[in-house]
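Data block below; observations after.
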Amino acid sequence: MSDSHAVRAGLDLEAITHQLQDKKSSKRRSAARKLRSARLIEAVPALLDALKIEVTDRRTWETQYQMVMALAETGSVKALPLLEKLKSMDLEPMVLLAIGDALVRLADNIDHALDEALCFRQPIAEGALRAIAMLRAVPAQATINAILKYCSEPKHAQARFWVA
């Protein structure tokens, strides 16, 4: 997509990416929501830079969530290295859920991404399952079996919603 796509989408890309640096979290979150809806790959560098800073403040987890999901919606694999790094950090569960979702959405192999997520922390796994449900993707039978095994454990009962 080009800057002209951003204009057609009704966005001033420069202004919206600049808003990702606003001192108010609500403004940064609003910019991330707009970029999430617009799915602009051109915004990836600004989103990555903003997210690196944002994750240093645990209080802004909602903004972090929107930034991660905006990255997921761009489809850009350039986000994967940062997301892989973030999944091991001590972040709010909803941010980790978004990371699990994004890792699946950006994966070139959803079965591999799901297998990795199911072996990781619960919010990452739940996010991965959410992505599969939202994308209406059908994993390989071996992955389906792994999902069923994962969800059959009582400690993972809340993930059953996404599987159903």
Side-chain angles (χ1 to χ4, degrees), residues 1-110 112-137 158-159 161-162:
M1 287 183 231
S2 65
D3 286 338
S4 62
H5 183 281
V7 172
R8 284 194 308 274
L11 290 178
D12 176 347
L13 185 58
E14 185 177 337
I16 201 78
T17 55
H18 185 265
Q19 189 178 338
L20 290 170
Q21 301 167 19
D22 196 280
K23 67 178 185 173
K24 293 183 180 178
S25 179
S26 61
K27 296 281 188 182
R28 297 189 305 273
R29 184 170 50 254
S30 174
R33 278 191 191 121
K34 290 174 186 172
L35 291 170
R36 181 180 178 186
S37 294
R39 300 176 174 175
L40 298 175
I41 200 164
E42 299 86 3
V44 169
L47 280 164
L48 290 171
D49 290 343
L51 184 58
K52 287 175 191 172
I53 295 166
E54 201 69 43
V55 294
T56 64
D57 186 350
R58 198 169 173 93
R59 297 171 299 169
T60 65
W61 68 268
E62 292 169 288
T63 302
Q64 295 166 36
Y65 175 92
Q66 291 298 331
M67 288 178 176
V68 170
M69 292 310 298
L71 285 166
E73 291 294 340
T74 68
S76 175
V77 295
K78 291 180 180 178
L80 287 173
L82 178 60
L83 295 173
E84 285 290 339
K85 179 180 173 186
L86 294 179
K87 79 178 187 181
S88 298
M89 290 179 62
D90 182 28
L91 301 172
E92 286 293 323
M94 283 302 293
V95 177
L96 293 171
L97 185 133
I99 290 169
D101 183 309
L103 288 169
V104 168
R105 288 177 189 266
L106 298 174
D108 60 348
N109 182 328
I110 63 166
H112 178 72
L114 268 168
D115 287 340
E116 281 192 2
L118 294 176
C119 296
F120 217 75
R121 297 173 7 202
Q122 187 168 346
I124 298 289
E126 188 170 339
L129 293 171
R130 178 180 78 169
I132 293 299
M134 298 303 291
L135 295 170
R136 299 184 188 273
Q158 73 183 48
F161 171 82
W162 297 110

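Contact of the Val55 side chain with the Thr60 side chain is not registered, since no non-hydrogen atoms from C-beta on lie closer than 4.5 Å. At a threshold of 4.5 Å between non-hydrogen side-chain atoms, the residues Pro93 and Trp61 do not count as touching. Between Arg28 and Gln66, every side-chain heavy-atom pair lies at or beyond the 4.5 Å cut-off. Inter-residue side-chain proximity for Ile41 and Val44 is flagged as met; some heavy-atom pair is nearer than 4.5 Å.
A donor-acceptor contact closer than 3.5 angstrom is absent between the side chains of Glu14 and His18. Counted by atom type alone, Gln158 and Glu126 present one or more donor-acceptor pairs between their side chains at under 3.5 Å.
Taking CD of Glu116 as the reference point, atom CG of Leu114 lies at 10.0 Å (rounded to 0.5 Å). To the nearest 0.5 Å, atoms CD1 (Ile16) and CG (Leu40) are separated by 9.5 Å. We find the CG-OG1 distance between Leu47 and Thr17 to be 8.5 Å, quoted to the nearest 0.5 Å. In this structure, CG in Leu129 is found 13.5 Å from CE in Met134, a value given to the nearest 0.5 Å. Atom-to-atom distance recorded for Ser76:OG and Leu48:CG is 7.5 Å, nearest 0.5 angstrom. If you take CD1 on Ile99 and CG on Leu82, they are separated by 8.0 Å, rounding to the nearest 0.5 Å.
Across Asp90 and Arg58, no two heavy atoms sit closer than the pair O-NH1, 2.6 Å. Of all heavy-atom pairs spanning Ala128 and Ala117, the tightest one is CB-CB, 3.4 Å. Across Leu91 and Leu96, no two heavy atoms sit closer than the pair O-CD1, 3.6 Å. The heavy-atom pair separating Trp162 from Ala133 by the smallest distance is O-CB, 3.4 Å. For the pair Arg36 and Tyr65, the tightest heavy-atom approach, listed with the atom from each and the gap, is NH1-CE2, 3.9 Å. Taking all atoms of both residues into account, the shortest heavy-atom contact from Leu80 to Leu106 is CD2-CB, 3.7 Å.
Remark: side-chain polar atoms of Gln64 are not paired, donor with acceptor, to backbone N or O of Arg59 under 3.5 angstrom.
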- Task: Just do the side chain to side chain contact (heavy atoms under 4.5 Å, CB included) check on Arg105 and Met69 with the steps written out, would you?
- Result: CA-CA 10 Å; Arg105 288 177 189 266; Met69 292 310 298; 4.0 Å; yes
- Task: Give the C-alpha distance, both sets of side-chain angles, the deciding distance and a yes or no for side chain to side chain contact (heavy atoms under 4.5 Å, CB included) between Leu51 and Leu86.
- Result: CA-CA 10 Å; Leu51 184 58; Leu86 294 179; 3.7 Å; yes
- Message: One pair to check against side chain to side chain contact (heavy atoms under 4.5 Å, CB included): Thr74 and Arg39. What are the steps and the verdict?
- Response: CA-CA 5 Å; Thr74 68; Arg39 300 176 174 175; 5.8 Å; no
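In this view, Asp108 satisfies the salt bridge (Lys or Arg N to Asp or Glu O under 4.0 Å) rule with no residue, not counting sequence neighbours. Taking Arg130 as the reference, Asp101 meet the salt bridge (Lys or Arg N to Asp or Glu O under 4.0 Å) condition, with sequence neighbours excluded.
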Just distance, no hydrogens or angles: give the donor-acceptor pairs under 3.5 Å from side chains in residues 19-27, sequence neighbours left out.
{"from": "Gln19", "atom 1": "NE2", "to": "Lys27", "atom 2": "O", "distance (Å)": "2.8"}
{"from": "Asp22", "atom 1": "OD1", "to": "Lys24", "atom 2": "N", "distance (Å)": "2.8"}
{"from": "Ser25", "atom 1": "OG", "to": "Thr63", "atom 2": "OG1", "distance (Å)": "2.6"}

